[in-house]
Visitor: 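Here you go, one structure.
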Amino acid sequence: MEIAPSIIAGDFSRLEDEIRSVEDSGIGILHLDVMDGHFVPNFTFGILIVEAIRRMTSLELDTHLMMSNPSLYLERFYEAGADILTVHIETGLEAFRSLEIARERGKRIGLAVNPPVHPKVLLPHLEDIHQVIVMTVNPGFAGQKMIEDALYKVEFLRRERDKRGLSFRISVDGGVKREHLPMLRDMGVDVAVMGSGFFGLSRDERRALARIAS
Ligand code: DX5
Ligand code: ZN
């Protein structure tokens with residue numbers, strides 16, 4: 001299992017330092033949470049910052065679009081250097097349009113599913129995606145408590161993936177702390193997103209995390 005630190009829980013006045021500490025921890029993925037103040041009740045950052053982070057690092061930029069109209073901006077986020085973009089299934093047609101754009105452009109795309117939503121809504125799209133993000137908080141803020149009840153989706157998705165011989169990644173996002181890592185790994189989660197659970201730790205503790213997860 002890999003860890004993907006979510007930069008919104010980092011110190012933005014020392015952004016480059018925070019990114020180096022992710023690299024120094026032997027981690028390969030950086031999670032970028034884009035919020036539009038409409039799909040979720042919070043703002044974070046957009047294309048400009050993704051582009052700036054791209055210039056700072058070669059980490060995989062796993063960019064999570066918590067936006068009502070992602071299809072409008074999808075191409076610009078890819079151009080800014082996002083390696084994979086994940087849109088929310090709850091945006092309906094907007095999500096379907098986004099999948100189409102990514103397919104036409106040969107880009108990697110994922111679908112995220114909020115805690116109250118059943119994962120069966122993802123079934124018609126699994127062939128077209130590279131990742132599912134199972135949300136274990138209602139998105140909008142770092143530092144919330146994990147909703148463990150949403151974790152049944154991991155097993156549901158793994159079965160479906162095996163049955164159909166697919167290879168999309170299963171990611172869990174929201175409230176993940178160090179003590180959850182062995183459980184998530186044993187469930188077969190591929191990527192554990194960690195915001196405050198990563199950036200709230202000292203440099204040495206951050207380095208130790210990658211070992212716990214593997
Ligand atoms: C939820 C975001 C997450 C989250 C991560 O709104 O998509 O990526 O903030 O932060 P923690 O791990 O602190 O919940
Ligand atoms: Zn996220």
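Atoms considered below: every heavy atom in the structure, side chains included; atoms not considered: hydrogens, waters and symmetry mates.
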Visitor: If two hydrophobic side chains count as joined below 4.5 Å and joins carry through other members, does F156 share a cluster with M1?
Guide: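 F156 clusters together with M1.
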Visitor: Can you spot which of L184, L157, L181 makes a side chain to side chain contact (heavy atoms under 4.5 Å, CB included) with V189?
Guide: L184
Visitor: Looking at L74, I84, L65, which one forms a side chain to side chain contact (heavy atoms under 4.5 Å, CB included) with I109?
Guide: L74
Visitor: Is the count of non-hydrogen atoms from other residues, nucleotides or ligands lying under 6.0 Å from Y73 atom OH greater than 12?
Guide: no
Visitor: If you measure from the Lys or Arg side-chain nitrogens to the Asp or Glu carboxylate oxygens, is any gap between D190 and R161 under 4.0 Å?
Guide: yes
Visitor: Is there a path of hydrophobic side-chain contacts, each under 4.5 Å between heavy atoms of I, L, V, M, F, W or Y residues, that connects L30 with L201?
Guide: yes
Visitor: Provide the full list of side-chain hydrogen bond (donor to acceptor under 3.5 Å, both in side chains) pairs with a residue in residues 37-48, sequence neighbours left out, each pair given once.
Guide: H38-S68
Visitor: Hey, is R54 close enough to D83 for a salt bridge, meaning N to O under 4.0 Å?
Guide: yes
Visitor: Using a strict cut-off of less than 4.0 Å between a Lys/Arg side-chain nitrogen and an Asp/Glu carboxylate oxygen, indicate whether E94 and R97 qualify as a salt bridge.
Guide: yes
Visitor: What I want to find out is whether D17 reaches R20 closely enough, with some N-O distance under 4.0 Å, to be called a salt bridge.
Guide: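 Looking at D17 and R20, the cut-off is not met.
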Visitor: If you look only at pairs with a residue in residues 120-129, which of them pass as a side-chain hydrogen bond (donor to acceptor under 3.5 Å, both in side chains), with sequence neighbours excluded?
Guide: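 Applying side-chain hydrogen bond (donor to acceptor under 3.5 Å, both in side chains) to every pair that reaches into residues 120-129, excluding sequence neighbours, yields E127-R164.
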Visitor: Between E18 and R206, does at least one N-O distance fall below 4.0 Å, as a salt bridge requires?
Guide: yes
Visitor: Looking at Y78, does the NZ or CZ of R105 lie under 6.0 angstrom from its six-membered ring centre and within 45 degrees of the ring axis?
Guide: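 Pair R105/Y78 does not count as cation-pi.
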Visitor: Is R76 salt-bridged to E79, cutoff N-O under 4.0 Å?
Guide: no
Visitor: Under a single-linkage rule joining Ile, Leu, Val, Met, Phe, Trp and Tyr whose side-chain heavy atoms are separated by less than 4.5 Å, which residues share a cluster with I133?
Guide: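 I133 clusters with M135, V137.
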Visitor: Please determine if D11 and R14 form a salt bridge, counting it only when a charged side-chain N lies under 4.0 Å from a carboxylate O.
Guide: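 Salt bridge flag = yes for R14 with D11.
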